[in-house]
Amino acid sequence: MRKIVKKQKVVETVGDVKETRNALMLKAKERGIKNFRVLNKEELMHVLAEGITQQEIDAIVAGAVTRWKSGWGKRKAQNESQS
């Protein structure tokens with residue numbers, strides 16, 4: 001019996017290099033964006049985009065801070081309900 005072997009094509013991605021979240025945070029720090037540590041990668045890319053206004057940056061950061069603050073206090077509420 002002969003085994004049939006298929007050749008696989010190697011696909012190389014050509015394009016701009018994806019930046020890490022850490023590199024994006026360093027750029028945000030250089031630009032003076034407040035609370036850049038609570039932004040996720042997509043939000044960091046958006047606030048660092050060209051042509052974005054300060055009001056849009058403030059709105060994105062405010063939403064991220066609200067999301068971050070909403071995580072506080074959950075563990076205490078869970079512990080009380082189990083007792």
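- Shortest non-hydrogen contact noted between A64 and L39 is CB-CD2, 3.5 Å.
- Among all heavy-atom pairs drawn from K27 and L48, the shortest one is CB-CD1, 3.8 Å.
- Taking the charged nitrogens against the carboxylate oxygens, R37 and E43 have no contact shorter than 4.0 Å, which rules out a salt bridge.
- No path of Ile, Leu, Val, Met, Phe, Trp and Tyr side chains, each step under 4.5 Å between heavy atoms, connects L26 with F36, placing them in separate hydrophobic clusters.
- We find that E42 and R21 are not joined by a salt bridge, their nearest charged nitrogen and carboxylate oxygen being 4.0 Å or further apart.
- By the 4.0 Å N-to-carboxylate-O rule, K41 lies too far from E19 to be salt-bridged with it.
- Contact between L44 and M25 at its shortest, heavy atoms only, is CD1-CG, 3.6 Å.
- Here the shortest heavy-atom pairing between L24 and M45 reads CD1-CG, 3.6 Å.
- In this structure the side chain of E56 reaches within 4.5 angstrom of the side chain of T53, judged on heavy atoms.
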